[in-house]
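Just the heavy atoms: all of them, side chains too, but no hydrogens, waters or symmetry mates, feed the values below. As the structure lists them, so they are numbered: ligands from 1, and atoms in each ligand from 1.
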Amino acid sequence: MQWEPVIGLEIHAQLSTRSKIFSGAPTAYGAEPNTQASLIDLGFPGVLPVLNEAAVRLAVRFGLAIGATVARRSIFARKNYFYPDLPKGYQISQYEAPVVVGGSLTIHPEGGESRRIGITRAHLEEDAGKSLHEDFQGMTGIDLNRAGTPLLEIVSEPEMHSAREAVAYMRALHVLVRYLRICDGNMQEGSFRCDANVSVRPKGEAAFGTRTEIKNLNSFRFVERAIQYEIERQIDVLEGGGTVVQETRLYDPDRDETRPMRTKEEANDYRYFPDPDLLPLVVPEAMVEAERQALPELPEARKARFVEDYGLKPADAMQLAFDRDTADYYEAVARVCGDARLAANWVNVELAAALNREGLDVACSPVSAERLGGLLARIADGTISGKIAKQVFEKMWTEGTEADVIIEREGLRQITDTGALEALVEEVIAANPKQVEQYRAGKGKLLGFFVGQVMKATQGKANPAQVNQLLKKRLDE
Ligand code: ADP
Ligand code: MG
């Protein structure tokens, strides 16, 4: 029997607001426990939540970016359950009427076909607090700093069919939320986490199998491995004549397996009802329009433009376009140097390596886009070779100087004077009679040896194309 996995993801993206979704307490990460929880976050009686407009604006922006419908009117509901990190006894979320409905996202699975995945909905909700099990012997600490942090829960259609596709979806979403500057995407800090719903069905069958939900996956690798494990486990259960139980499971990275956490409550166990403390959310037309106007060119469109206008390979274009700061930097470099492909190469290879080495973001690069463009302009106009440019780049990186200053100071201009190069060619030929003989006897590969000799004599400053040409002409005489 052939099995087809079916996967749907629920992703919680923490919205980048300064204060919480229903209170004025700060959302900054890493504060002393329980210093950032207001009476509202603590669920004191008699206090009232006030919706944070910034959270709404970020949700609207997301909706527009995925081609969704931004609901004119949506409702906040109480999702009732007991847990020590939830002092109110309910989480404020959106249930029947979410703020973002529909839309889709293009994914690029590794080694597979790109395709679109439907997004069912995205709704606003508050995060809960955090239980700390490690620092207290035999007891659990509760940190409520996180309580009330604004989240956008983004729910996909059950349209992915492999762990690889699920990871590609999560990556595409991660690229998008950072691009829109609605979420910092920091997975270690819990700003972007994933619940994966997994089922399998006989290939060709339309009805879904029973699903399990793997909670709180906070890395791409864990998502991929947890789903892969779960697919295999369900197939084993079914092939062994058993049935899959609908339940919530946890992934244990140390053992690389999922384990049951609790059987899935029926949705109505949460006793959702509209929160009487909050009015329906009515998104003003002006807010939607303002967000629409301010929407940046999106990663997919930008990638397509890089391929189309600059003649880049799709993979190179993707690497540049999928991070907004990198894309901006790249376009500035290309503008200054006038050679878009050369710029792409340098940003993706030399600059990326240097940034990586020092653990820096492109926005903090010690070599600005204008300066890198200035360096590449000197390759483009033949002043220096690509090889010398790498030396110059290293100096620019450490000294913070312009390329032209370094080129002049160190006498790095390329030797393009034909007379001078011819003289060097003569010297090299005279000094290596044996190789000349071998070359002329048919060992054409030796041309590289001669070029190398001339380059060595000039510390790499001879124009390699010219040297090649002159040598060939002289040797083939
Ligand atoms: P709940 O609110 O109980 O978590 P939803 O119906 O909202 O359930 O679905 C949550 C997620 O589960 C969605 O991403 C959806 O695509 C996915 N999903 C639903 N049914 C299945 C299934 N049979 N197999 C895999 N994923 C599923
Ligand atoms: Mg769910």
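- Listed by atom number, the atoms of ligand 1 under 4.0 Å from L9 heavy atoms are 14 (O).
- Using a 3.5 Å distance cut-off with no hydrogens or angles, the side chains of E300 and T106 do not pair a donor with an acceptor.
- Taking every heavy atom of V6 and a limit of under 4.0 angstrom, the matching atoms of ligand 1 come to 24 (N), 25 (C).
- Residue contacts with ligand 1 for T210 are absent, since no atom lies close enough (heavy atoms, distance under 4.0 Å).
- Polar contact check, F208 against ligand 1: no nitrogen or oxygen pair lies under 3.5 Å apart.
- Between F306 and Y330, the ring centre distance stays below 6.0 Å.
- The side-chain tip of K390 does not point at the ring of F393 from less than 6.0 angstrom away and within 45° of straight on.
- Residue-to-ligand polar distances keep I7 apart from ligand 1: every N/O pair is separated by 3.5 Å or more.
- In E159, neither the side chain nor the backbone holds a heavy atom less than 4.0 Å from any atom of ligand 1.
- The aromatic ring centres of F22 and F76 sit less than 6.0 Å apart.
- The aromatic rings of H108 and F322 sit tilted relative to each other, their planes meeting at an angle between 30° and 60°.
- Less than 4.0 angstrom separates some heavy atom of V155 from each of these atoms of ligand 1: 13 (C), 14 (O).
- No cation-pi contact links R225 to Y251, judged by a cut-off of 6.0 Å to the six-membered ring centre and 45° from its axis.
- The contact set between ligand 1 and G209, taken as ligand atoms under 4.0 Å from a residue heavy atom, comprises 23 (N).
- Between the side chains of N80 and R271, no donor-acceptor pair is found at a separation under 3.5 Å.
- Residue S156 has at least one N or O atom closer than 3.5 Å to an N or O atom of ligand 1.
- Atoms of ligand 1 found under 4.0 Å from any heavy atom of E157, numbered from 1 in the order shown, are 16 (O).
- Considering E10, E213, R211 only, the shortest heavy-atom separation from atom 21 (C) of ligand 1 involves R211.
- For D184 (side chain) and N186 (main-chain N/O), a donor-acceptor pair under 3.5 Å exists by modelled atom type.
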